[in-house]
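Per chain, numbering begins at 1; letters A, B, ... match sequence-line order. Note: hydrogens, waters and symmetry copies are ignored here, and every other heavy atom, side chains too, is used. Quantities reported herein were computed from a predicted structural model and do not represent experimental measurements.
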Amino acid sequence: MARLHEYQGKALLKGAGLNVPRGAAVSTPDEARRIATELAGPVVIKIQAWTTGRKAMGGVAFANTPEEAATAAQRLLAMKVGAFPVEQVLVEEQLSIEHEVFVSMSIDDAARRPVLLLAVTGGTGIEDRAADVARISVNVNGTADRDAIKTRLAASRIRADQQSSVTDAITKIAALARKIEARSLEVNPLVTTKDGRVMAADCRMTIDDYAVFRHSDLGIDIARELDHPPTRLERIAYAIEQDDHRGTFYFAQLPPDPEKPLIGFHGAGGGGSMMSMDAITTAGFSIANFTDTSGNPSVAKVYRAARIILAQPGLVGYFGSGSGVASQEQFHSAYGLAKAFLEMNLAIPAVIRLGGNSEDRAVEILEDACRNLPAPVRGFKKDDTPAKCAEVFAKLVQQWGSKPATMTRTVPAFVGAASAYSFPISGGRVWIDHASCDGVATETVLLHSAGLLRGEDRKPVLAIPEAEVATRDSDLIACEIECRRAGTPVVFVDLPILGLDDRS
Amino acid sequence: MAIIIDEKKSVIVQGITGREGRARTKLMKEFGTNVVAGCTPGKGGDNVLDIPVYDTVLEACNYAESYMGEPVDVSVIFVPAALVKAAAIEAIEAGVKMLLLVPDRVPVWDAMEIYAAARSNGARFVGPNTLGVLSPGRAVIGMIGGRAQSAREWFKIGHVGIISRSGGMTSSCGYYLGRAGVGLSTLVHVGGDSALGLRIPEVALMFEDDPDTRAIVIFGEIGGSQEEQLAELIATNRVTKPVIAYIGGAAAKEGTRFSHAGAIIEGGKGTHAGKVKALREAGATVVPAFGDLPAAAVEVLNRHNIPLQLA
């Protein structure tokens, strides 16, 4: 679920017709001073961070003057929440609150419909007062049961002449959740003030990842549940996913355990990945990232996933394992992994469980292509359990000295050479070293080119129009790897990763 | 008998002319599924693997009834995620009573709308984000097994029903059980999303009513309440057949999602420990490691005098 900050949520609430406190999000003490001056009264300053309990961690401050506001903002903007610096604070008018109401829209998985939770004794600690919370029925169009809300409010101490406005506000919250396709939308508290206003004093919103494409106006740059703002690598990975919808690719970095050796994790299939993570954690490792490539991903996608995993510093090994009995053809993944390992001249042990359709071929491709790498690469099949693979992996890592290695990507010398034959593909270029293409090499290339190349003067050239190959990216990776296996490394598929390969 | 799908049920494929639809239709046919027609708007009149293609579900249903003499039992949907809602509601309104929604990334509010439409029309659906349903020796809908030959080799015929929240692990459970000599009635991947058509407890009730099924294996995951609801059904004797379960995600931490939208622990609910406890207290066998599942299943079947495979 893509999360929104409080100030973003309040802008949406305002757009939906609710009152929100006057104020603005700022990123410097000077701006905080300016906003406080404009508000001309006591203000509250709140860190904008994906966390609960901001008050308890000192992330909320009160100020009576613009100068105090600037000082408080300076302190809050220097805070860190977990590993992440606070980048913005929200400066708002202070409210004199009379009553607080807890309103939360979410999705009831069991009922497959939205549910609105309402407590007329809102505010902090609502989690511990379950008995106070009423479930209000909401239909799938976001229409809440007005009468049920009214009944609930009638039993509260909210002034009778305000109850209708509060009911309106609550129904608007439910409708907004539907409109923005929120997975959850919490306003806690919705308040009545002493001067007679009804206001959303705080809010938390998460949008359904899968619906973000319909809501570009929300400005969500990375639609993923993470417990932290996206890292550089997560952004790079997310961009790849957005460009390439063949199969799943998911990449999230996890907080490392400094006491344990750190490994790159590459799963396939959500359930199998989780099970494999349990196995590798039990074997004593700390997992740097969670990655899943499944659902019949392209070779290029698996390659890019492996490259991103290997871009994490401090890894002592690479562990790949998923469901183990994959319905997809596994040799595609083998080619993608082999390509990444070869380009990076892999210097840490890798164990990959490739069980499923074509597993024999997949393991042979991976192990054979990687046979001359500095570090060992071992492939396993469906009869090898994740626990067994984790055990083999632990042994290999130990023999290897449990040391992280710095790896840099190398491309063959003929890439970019004037003598090389080259044509563009989706996201990169294919390079063929014509100077080294003797009869044998050309024959090998053509054998594995899936009909995309033909021989001309005993050199491989495109057999289909350039425009037709320009939309593809994966087809010739198998050719590259097979040529290397055959000892004639004359083909290279250059697929530079934006943000990773343009930094040197 | 089996549940949801068998060789007698007639099946249509929505999105049959697409890359996945075409490839998976081939698998389904080769495995024995009775695919009678396909639908793709604008492609009416085409043929895919000798299967006639219609513009609308209604036309496909009319063809099946008037020319084949059999109403459509199941529609399998292979259309892009953003179009799944329209496709599913079209099938429901055309009178199809069982749907399989294969695509991943279906917006959750769309899934809820499909559910509301299904309920008011007496239809049910598996998914979204499901690998499918397979009844060994009978038929498959979706893509379990990948190839018909693999599916035949991997899954034996017998009396255990599998319900899994993970697609890959549906096949894994079936394969490892088969290797231990345990045959299956039906394998069901309920889907990885949070709002699903058929959930574990409902599929368990279908297995409870199926004479072919005599025990149930569950691959559960952290997050949501499906396993807890199943535990409730067992505790109240509405599911009386023996249940053997594994719950994945012991190492997962709260708040982070691991691929499946449904597999997220929120507000301390849906934890690994909570699910294991609920199931055990209800009387289910819960194995600590996935690798223990086949042996535990064999032990339970033997204890209940259930033959491992179809005699």
> Once you round to the nearest 0.5 Å, how far does CG of B:Asp110 lie from OH of A:Tyr210?
Replying inline: 13.0 Å
> Given the rule in the side chain to side chain contact (heavy atoms under 4.5 Å, CB included) test, do A:Ser327 and B:Arg24 qualify, once you have shown the distances and angles that lead to the verdict?
Replying inline: CA-CA 11 Å; A:Ser327 297; B:Arg24 301 309 168 183; 5.7 Å; no
> Looking at B:Pro80, B:Ala116, B:Ser150, which one has more heavy-atom pairs under 4.5 Å with chain A than the rest?
Replying inline: B:Ser150
>> If you compare all heavy atoms of B:Gly249 against all heavy atoms of A:Asp278, which two are closest, and at what distance to 0.1 Å?
In response: N-OD2, 3.2 Å
> Which region of B:Met143, side chain (C-beta onward) or backbone (N, CA, C, O), has a non-hydrogen atom less than 4.5 Å from a non-hydrogen atom of chain A, or is it both or neither?
Replying inline: backbone
> Which heavy atom in B:Met112 sits nearest to a heavy atom in A:Ile107, and how many Å separate them?
Replying inline: CE-CG1, 3.7 Å
> For B:Trp154 and A:Ala326, which heavy atoms make the closest approach, and how far apart are they?
Replying inline: CH2-O, 3.4 Å
>> Does A:Phe213 form a side chain to side chain contact (heavy atoms under 4.5 Å, CB included) with B:Arg105? I'd like the steps, not just the answer.
In response: CA-CA 11 Å; A:Phe213 75 96; B:Arg105 302 190 186 92; over 6 Å; no
> So which of A:Pro386, A:Ala111, A:Gly355, A:Pro114 has the largest heavy-atom pair count under 4.5 angstrom toward chain B?
Replying inline: A:Pro114
> Can you list the steps and then say if B:Ile222 with A:Met274 is a side chain to side chain contact (heavy atoms under 4.5 Å, CB included)?
Replying inline: CA-CA 10 Å; B:Ile222 53 166; A:Met274 248 190 289; 4.0 Å; yes
> Does the side chain of B:Ser194 reach to within under 4.5 Å of the side chain of A:Arg183, using non-hydrogen atoms?
Replying inline: yes
> chain B: which of A:Arg113, A:Lys388, A:Arg214 shares the most heavy-atom pairs with it under 4.5 Å?
Replying inline: A:Arg214
> With a 4.5 angstrom heavy-atom cut-off, which part of A:Ser106 approaches chain B: side chain, backbone, both or neither?
Replying inline: neither
>> Taking every non-hydrogen pair under 4.5 Å, which of B:Gly220, B:Ala151, B:Gly197, B:Cys173 racks up the most with chain A?
In response: B:Gly197
> Contact part of B:Arg179 toward chain A, heavy-atom cut-off under 4.5 Å: side chain, backbone, both or neither?
Replying inline: side chain
> Going by an N to O cut-off under 4.0 Å, is there a salt bridge joining A:Arg112 and B:Glu202?
Replying inline: yes
>> Donor-acceptor check, side chain of B:Tyr176 to backbone of A:Lys382, threshold 3.5 angstrom: yes or no?
In response: yes
> Would you find a donor on one side and an acceptor on the other, under 3.5 Å apart, between the side chain of A:Ser323 and the backbone of B:Ser172?
Replying inline: no
>> Which heavy atom of B:Trp109 sits nearest to which heavy atom of A:Ala177, and what is that distance?
In response: CZ2-O, 3.9 Å
>> Is it true that, when you exclude B:Arg238 itself, more than 12 heavy atoms of the residues, nucleotides or ligands shown sit nearer than 6.0 Å to its CZ?
In response: yes
> Is it the backbone or the side chain of B:Leu27 that comes under 4.5 Å from a heavy atom of chain A, or both, or neither?
Replying inline: neither
>> Given heavy-atom pairs under 4.5 angstrom as the criterion, report whether the side chain, backbone, both or neither of A:Ala182 touches chain B.
In response: backbone
> Under a 4.5 Å heavy-atom cut-off, does chain B meet the side chain of A:Gln328, its backbone, both or neither?
Replying inline: neither
> Which distance, rounded to the nearest 0.5 Å, do you find between the CG of B:Leu131 and the OG of A:Ser294?
Replying inline: 10.0 Å
> What part of B:Ser225 is in contact with chain A, defined as an atom under 4.5 angstrom from a non-hydrogen atom: side chain, backbone, both or neither?
Replying inline: side chain
> In terms of heavy-atom proximity below 4.5 Å to chain A, should B:Gln229 be classed as side chain, backbone, both, or neither?
Replying inline: side chain
>> Has A:Asp208 got a side-chain atom pairing as donor or acceptor with B:Val108's backbone, closer than 3.5 angstrom?
In response: yes
> Out of B:Leu196, B:Ile144, B:Ile114, B:Thr170, which one racks up the most heavy-atom pairs below 4.5 Å with chain A?
Replying inline: B:Leu196
>> Which one wins on heavy-atom pair count under 4.5 Å against chain B: A:Asp383, A:Asn296, A:Thr385, A:Asn141?
In response: A:Asp383
